[in-house]
Protein chains: 2
Amino acid sequence: MHDTTMTIREMCDAYDVTPRTLRFYEAKELLFPIREGQKRLFTKRDRARLKLILRGKRFGFSLEEIRQLLDLYDMGDQQATQLQRTYEIAQARLQDMVEQRDELNEAIDDLKEQLKWGEKVIVSMTKTEKAAE
Amino acid sequence: MHDTTMTIREMCDAYDVTPRTLRFYEAKELLFPIREGQKRLFTKRDRARLKLILRGKRFGFSLEEIRQLLDLYDMGDQQATQLQRTYEIAQARLQDMVEQRDELNEAIDDLKEQLKWGEKVIVSMTKTEKAAE
DNA sequence: ATAATGCTTGACGTTAACGTAATCATAACG
DNA sequence: CGTTATGATTACGTTAACGTCAAGCATTAT
């Protein structure tokens, strides 16, 4: 076989993404598949990065944020300052997520209130409806 | 003054929206300001609707959903079935919001785990760094 | 009368993350 | 050698909710 590289299709099957997505990620400089003639060959490194990309997406990071994180990651496994930076970005993202959730919780509570009110109205209306019969 | 109507600017100031937004809402048939010559005049009804629109947005309804709700609202204050329908739409939205929040909570927990791990790595790296000095 | 406002209607621009063709190249298979 | 499979490139389309001009009336202040 091909040493340890994968074709675009194999990647798609393995990670459940479309070719377009992989090409898109390459265009955005998130992945750097090597070329055999015309075709892309994804290395072990690409696969590791893709996993991190997909994980990052689940966390709600934007692709741009993910790119920055991956870059830091690469630049210096030796530089603790970089890792520190990574940590900070993640912290900030966490902050955002918590805020979002809290807002959502508020909205949920508000909407629940509205619904309680709506129930009362519906009940009273169906009552008067019956009364009108 | 103008009986009970407001100009576009007054509306903007009162509700903290841009003229573009009000025109946009009119184009989307969420508002129906009357015309005095060329100019828009927003009635009490428009203001009531705008309040509902803004509230709906806080709840995360799309403008299209809001339009439908407003329409139902108008159509029959007398028809309890319509109100019932409104109630159902809101319930569905609530469902979505709860799901979203739960997903967000999961992601938050996962990310927190990651961060704990990151902390450990950073600590150990700074240690070895010192050791290397 | 003229300049400065305020308002109007288009109509194109923006953002994210791809989807969706259309066209072309290459390689294996029979 | 023709066909099928796989992949490449290019480029426009999608969605939501407006933002951002541009150009033109109309009223009001000077």
Side-chain angles (χ1 to χ4, degrees), chain A residues 1-2 5-43 46 49-70 93 96-97 100 103 107, chain B residues 1-2 5-43 46 49-70 93 96-97 100 103 107:
Chain A
M1 300 277 158
H2 32 51
T5 67
M6 288 170 67
T7 77
I8 201 169
R9 183 112 303 279
E10 288 169 336
M11 289 290 283
C12 292
D13 293 345
Y15 297 97
D16 192 34
V17 294
T18 71
R20 179 69 179 96
T21 298
L22 293 176
R23 298 193 191 106
F24 184 73
Y25 289 168
E26 185 188 1
K28 290 287 179 180
E29 303 192 294
L30 291 160
L31 298 178
F32 308 96
I34 56 181
R35 297 306 179 95
E36 194 187 55
Q38 198 61 225
K39 301 183 178 176
R40 290 169 175 79
L41 288 182
F42 295 84
T43 67
D46 289 315
R49 292 174 72 94
L50 180 55
K51 280 184 208 166
L52 290 174
I53 293 169
L54 297 177
R55 174 181 300 179
K57 292 200 58 175
R58 287 208 316 278
F59 289 161
F61 288 96
S62 73
L63 288 185
E64 174 55 20
E65 286 172 325
I66 292 171
R67 194 184 58 72
Q68 291 180 33
L69 291 176
L70 285 176
R93 176 67 197 138
D96 286 355
M97 286 168 67
Q100 255 188 255
E103 280 176 34
Chain B
M1 296 281 156
H2 31 52
T5 66
M6 289 170 66
T7 76
I8 201 170
R9 183 112 303 279
E10 290 169 335
M11 290 290 283
C12 292
D13 294 344
Y15 298 97
D16 192 34
V17 293
T18 71
R20 179 68 178 99
T21 298
L22 294 176
R23 297 191 194 106
F24 184 73
Y25 289 167
E26 185 187 2
K28 291 286 178 180
E29 302 193 292
L30 291 160
L31 298 178
F32 308 96
I34 57 182
R35 297 307 179 95
E36 192 187 56
Q38 198 62 223
K39 304 183 178 176
R40 289 168 175 79
L41 288 181
F42 295 84
T43 68
D46 289 315
R49 292 174 72 92
L50 181 55
K51 280 184 209 167
L52 290 175
I53 292 169
L54 297 178
R55 175 181 300 180
K57 292 200 57 174
R58 286 208 316 278
F59 289 161
F61 288 96
S62 74
L63 288 184
E64 174 56 20
E65 285 173 326
I66 292 171
R67 193 184 60 71
Q68 291 180 33
L69 291 176
L70 286 175
R93 177 67 197 139
D96 285 355
M97 286 168 66
Q100 256 188 253
E103 280 176 34

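All figures in this text were calculated on a predicted structure; none of them were measured in a lab. So that the names make sense, note that chain A is the first sequence line, chain B the second, and so on, each numbered from 1.
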Which heavy-atom pair separates [X] from [Y] by the least distance, and what is that distance?
X: A:Leu22; Y: A:Met11; answer: CD1-CB, 3.5 Å
X: B:Lys57; Y: B:Tyr25; answer: CD-OH, 3.6 Å
X: A:Met97; Y: B:Ala107; answer: CE-CB, 3.3 Å

Checklist entry - Can you name the one residue among A:Arg20, A:Arg49, A:Arg40 that meets salt bridge (charged side-chain N to carboxylate O under 4.0 Å, His left out) with A:Glu26? => result A:Arg40
Item to check | Within residues 19-37 of chain B, residues whose heavy atoms come under 4.0 Å of DNA chain C | outcome: B:Arg20, B:Arg23, B:Arg35
Item to check | With A:Arg23 via side chain to side chain donor-acceptor pair (under 3.5 Å) - residues at least two apart | outcome: none
Checklist entry - Who pairs with B:Thr43 by side chain to side chain donor-acceptor pair (under 3.5 Å), at least two apart in sequence or on another chain? => result B:Asp46
Checklist entry - Rounded to the nearest 0.5 Å, how far apart are CG of A:Leu31 and CZ of A:Phe24? => result 11.5 Å
Checklist entry - How would you list, by chain and number, every residue that makes a salt bridge (charged side-chain N to carboxylate O under 4.0 Å, His left out) with B:Arg67, sequence neighbours excluded? => result B:Glu64, B:Asp71
Next on the checklist: If the helix axis at each end comes from five base pairs, how far does the helix from C:dA1-D:dT30 to C:dG30-D:dC1 deviate from straight, to 10°?
Outcome noted: 30°
Checklist entry - Whole Å only: how far is the CG atom of A:Leu41 from the P atom of C:dT26? => result 16 Å
Next on the checklist: Taking 4.0 Å as the cut-off, does a side-chain nitrogen or oxygen of B:Lys39 come that near to OP1 or OP2 on C:dT5?
Outcome noted: no
Next on the checklist: For a 4.0 angstrom threshold against heavy atoms of chain A, report the outermost contacting nucleotides of DNA chain D in 5' to 3' order.
Outcome noted: D:dG7 to D:dA11
